[in-house]
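Everything numeric here is computed off the predicted structure, so don't read it as measured data.
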Amino acid sequence: RWAYAWNGMRLPASIPHKTTSALRRDVLFMEGKMMNKKKVAFICVHNSCRSQIAEALGRKYLSDICDCYSAGTETKPQINQDAVRLMKKAHGIDMEESQYSKLFEDIPETDIVVAMGCNVVCPYVPDKLNLNWGLEDPTGQSDGKFLETMDAIERNILELRKTVLEMQTHERSQEHV
């Protein structure tokens with residue numbers, strides 16, 4: 001047996017009756033359209049390597065709960081070509097299709113700012129989550145070093161996913177108080 005929510009989505013009839021707003025919130029959650037989707041900025045100096053990798057992997061692993069952006073305190077004319085090549089090879093992601101080097105002020109206001117560890121003063125956003133992953137820039141180094149950096153970014157992205165889900169769970173629990 002199925003019941004229908006306000007938007008026509010089929011739900012099991014066994015779901016207890018809820019207020020319209022609570023049901024709407026649950027339906028949005030089930031559809032992966034989080035009402036409180038976080039905006040994450042991955043920041044680096046030139047926005048050409050680590051932050052671009054983080055944006056691409058963020059979109060891969062966080063797109064259901066976050067909008068991911070990357071930016072720099074300066075820009076480069078193109079994304080690091082070793083990073084582009086290795087992301088295609090390792091993850092099947094072509095960063096040049098939808099990404100380009102941009103400044104921090106060119107992206108939307110964010111909830112989470114992640115500095116790559118570039119020994120530069122990155123924007124600090126008060127009352128937001130500010131992280132620094134302390135990653136060494138692999139530019140000019142071996143493919144192995146790039147892959148190590150990409151693996152570290154991937155692990156950090158997966159940890160960030162857990163953090164964001166915890167934040168959203170906490171926010172949802174506060175709505176019911």
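At a cut-off of 3.5 Å, with distance as the only test, no side-chain donor of T75 or N47 sits close to an acceptor on the other residue. Using modelled atom types and a 3.5 Å distance limit, the side chains of N80 and S48 yield no donor-acceptor pair.
With sequence neighbours left out, the salt bridge (Lys or Arg N to Asp or Glu O under 4.0 Å) criterion links D137 to no other residue. Partners of D106 under the side-chain contact (heavy atoms from CB on, under 4.5 Å) rule, at least two apart in sequence or in another chain, are K102, L103.
Listed by first and then second residue, the salt bridge (charged side-chain N to carboxylate O under 4.0 Å, His left out) pairs involving residues 71-84 are D82-R85 (not counting sequence neighbours). For residues 46-83, the set of pairs meeting the ring pair (Phe, Tyr, Trp, His ring centres under 6.0 Å) definition, not counting sequence neighbours, is empty. Sorted by first and then second residue, the ring pair (Phe, Tyr, Trp, His ring centres under 6.0 Å) pairs involving residues 133-169 (not counting sequence neighbours) are F42-W133.
Between A90 and L147 the shortest heavy-atom distance is CB-CD2, 4.3 Å. Nearest heavy-atom pair across T110 and A41 is CG2-CB, 3.6 Å. A pairwise comparison of heavy atoms in S51 and A71 identifies OG-O, 4.1 Å as the closest pair.
Under a 4.0 Å N-O distance rule, the pair K37/D67 qualifies as a salt bridge.
Between L131 and V113, every side-chain heavy-atom pair lies at or beyond the 4.5 Å cut-off. The side-chain heavy atoms of V84 and K88, taken from C-beta on, include a pair separated by under 4.5 Å. Using a 4.5 Å heavy-atom threshold, the side chains of L62 and V164 count as separate. The closest side-chain heavy-atom distance from E109 to K39 is not below 4.5 Å.
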Side-chain donor-acceptor pairs under 3.5 Å in residues 92-99, sequence neighbours left out?
unit_1	atom_1	unit_2	atom_2	d
D94	OD1	E96	N	3.1
E96	OE2	Q81	NE2	2.9
S98	OG	R59	NH1	3.2
Q99	NE2	Q52	O	3.0
Q99	NE2	Q52	OE1	2.6

Test log, rule side chain to side chain contact (heavy atoms under 4.5 Å, CB included), inputs F104 and I43: CA-CA 7 Å; F104 187 71; I43 307 298; 3.1 Å; yes
CA sep, side-chain torsions, deciding dist, call: T149, E136, side chain to side chain contact (heavy atoms under 4.5 Å, CB included): CA-CA 8 Å; T149 300; E136 186 180 325; 5.8 Å; no
May I have the step-by-step check of side chain to side chain contact (heavy atoms under 4.5 Å, CB included) for K38 and E171, ending in yes or no? CA-CA 12 Å; K38 301 293 180 196; E171 289 168 3; 2.4 Å; yes
R161 and D64: salt bridge (Lys or Arg N to Asp or Glu O under 4.0 Å), yes or no, with the steps? CA-CA 10 Å; R161 180 177 181 80; D64 59 326; 2.9 Å; yes
Evaluate the criterion side chain to side chain contact (heavy atoms under 4.5 Å, CB included) for residue pair D111 and V40; output intermediate values, then yes/no. CA-CA 6 Å; D111 302 297; V40 181; over 6 Å; no
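L129 contributes atom CG, which lies 7.0 Å from atom OG1 of T163 (distance to the nearest 0.5 angstrom). Summarising the geometry, atom CD1 belonging to I53 is positioned 6.0 Å from atom CE belonging to M87; distances are rounded to the nearest 0.5 Å. Rounded to the nearest 0.5 angstrom, E105 CD and T73 OG1 are separated by 9.5 Å. Here the straight-line distance linking atom CE of M167 with atom CG of L160 works out to 8.5 Å at 0.5 Å rounding.
Counting only distance, with no hydrogens or angles, the side chain of R50 and the backbone of C44 share no donor-acceptor pair below 3.5 Å. In this structure a side-chain-to-backbone donor-acceptor pair under 3.5 Å is present from S142 to K145. Using modelled atom types, one side-chain atom of S173 and one backbone atom of H170 make a donor-acceptor pair closer than 3.5 Å.
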